[in-house]
Amino acid sequence: MRLLPCGDVAILVELDDAAGRRRLDTVLRRTPLVGVVDHVPAARTVLVKVASPDDLQGVAARLRALDLRDVDDASAAPDAPSLRLAVRYDGPDLPDVARHLGIHPAEVVTRHTGQLWTVEFSGFAPGFGYLVGDDGGLDVPRRDSPRTRIPPGSVGLAGPFTGVYPRPSPGGWQLIGHTDEVMWDGAREPPALLLPGRRIQFVEVSG
């Protein structure tokens, strides 16, 4: 665990791997540390926000004292049921993804729908979940030229992750399809459909 100052009221905690990040996330959700007001997990880091600059030193000491070795790194949302998401695989980057992987576009769809995905963490925008697949096989780079506007519901790939854009935004993920499901609804409880820990099955639909 490495602690890096991040402004006057935050600490960026770097972990060795995703499992370590899940364990720290679990600890901070179950037993919030004194002085911590919020935390934001990412792939292998957790941004910890403190109440005031005076709390930085104390929070850093409490973080260093944590023993994450025996922490259960199970799902952050164990009670969230698995979810089937209907997707039309008509994304503009589907042919490029297939070429990069050396397979037919239909095989990209088969790999995407043929495995369960887990929401590892949220970030980038409210409701945007980073999902990792049980079987992999779809690791592709981001686009060289990000788009200035991606429609909501767009399903993309980037590195080992898949994700669904919750609202119009710029982005550099490879778009392979879209869904009509609403990823973020402020009137819903909870607002985010893709909760960390939720298991997702993508299902191909036509039309």
Side-chain angles (χ1 to χ4, degrees), residues 17-19 21-22 25 41-45 73-78 80-185 191-207:
D17 50 32
R21 188 269 307 157
R22 286 194 298 268
D25 180 37
R44 290 180 175 81
T45 64
D73 67 346
S75 162
S82 60
L83 177 69
R84 290 166 63 88
L85 280 184
V87 176
R88 295 178 181 86
Y89 287 91
D90 53 3
D93 299 322
L94 183 58
D96 290 338
V97 168
R99 279 192 292 270
H100 176 82
L101 296 173
I103 59 178
H104 192 274
E107 176 64 18
V108 175
V109 177
T110 297
R111 292 186 186 185
H112 199 251
T113 58
Q115 60 184 305
L116 282 174
W117 297 80
T118 302
V119 184
E120 277 286 297
F121 57 93
S122 300
F124 172 63
F128 192 100
Y130 290 73
L131 290 77
V132 293
D134 285 350
D135 301 328
L138 288 172
D139 196 325
V140 295
R142 294 170 180 261
R143 285 172 50 86
D144 292 335
S145 301
R147 292 181 170 90
T148 57
R149 185 185 186 279
I150 293 177
S154 295
V155 178
L157 297 168
F161 302 108
T162 193
V164 184
Y165 283 80
R167 61 184 182 186
S169 65
W173 287 40
Q174 307 277 3
L175 304 183
I176 61 172
H178 74 277
T179 179
D180 293 331
E181 293 284 351
V182 178
M183 297 296 108
W184 179 269
D185 182 353
L193 187 64
L194 299 184
L195 299 171
R198 174 162 274 177
R199 301 278 277 171
I200 304 297
Q201 178 78 62
F202 293 99
V203 180
E204 182 180 13
V205 296
S206 60

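Along the sequence shown, residues carry numbers from 1. Quick note: numbers below take in every heavy atom, side chains included, and nothing from hydrogens, waters or symmetry partners.
- The CZ atom of R143 lies 8.0 Å from the CD1 atom of I150; values are rounded to the nearest 0.5 Å.
- At least one donor-acceptor pair under 3.5 Å links the side chain of Q115 to the backbone N or O of D134.
- Under the 3.5 Å distance criterion, the side-chain polar atoms of R198 are matched with a main-chain donor or acceptor of L193.
- Ring pair F161/F121: centre-to-centre distance below 6.0 Å.
- Remark: side-chain polar atoms of W117 are paired, donor with acceptor, to backbone N or O of H112 under 3.5 angstrom.
- R88 has its side chain out of reach of V155: every pair of non-hydrogen atoms, C-beta onward, lies at least 4.5 Å apart.
- Between M183 and Y165, the closest side-chain pair of non-hydrogen atoms is not below 4.5 Å.
- Q174 contributes a side-chain N or O that, together with a main-chain N or O of P141, makes up a donor-acceptor pair within less than 3.5 Å.
- Closest non-hydrogen pair, P152 versus R167, comes out as CB-CA, 3.7 Å.
- The side-chain contact (heavy atoms from CB on, under 4.5 Å) test with L157 is passed by exactly one of L94, L101, T162, D139: T162.
- A donor-acceptor contact shorter than 3.5 Å links the side chain of T179 to the backbone of A86.
- Annotation: side chain of L195 is not in contact with side chain of V119 (no heavy-atom distance under 4.5 Å).
- Side chains of E181 and V164 form no contact here, defined as non-hydrogen atoms less than 4.5 Å apart.
- Taking the side chain as every heavy atom from C-beta outward, R142 and D144 never approach each other to under 4.5 Å.
- Scanning all heavy atoms of the two residues, the minimum distance from G127 to A192 falls at CA-CB, 4.2 Å.
- Remark: the backbone N or O of G197 is not paired with any side-chain donor or acceptor of T118 at under 3.5 angstrom.
- Judged purely by atom type and a 3.5 angstrom limit, Q201 uses its side chain to pair as donor or acceptor with the backbone of T113.
- Residues F202 and I176 are not in side-chain contact: their nearest non-hydrogen atoms beyond the backbone lie 4.5 Å or more apart.
- Residues H178 and D90 form a side-chain contact, since some pair of their non-hydrogen atoms from C-beta on lies under 4.5 Å apart.
- Taken to the nearest 0.5 Å, the CG atom of L194 stands 9.5 Å off from the CZ atom of F128.
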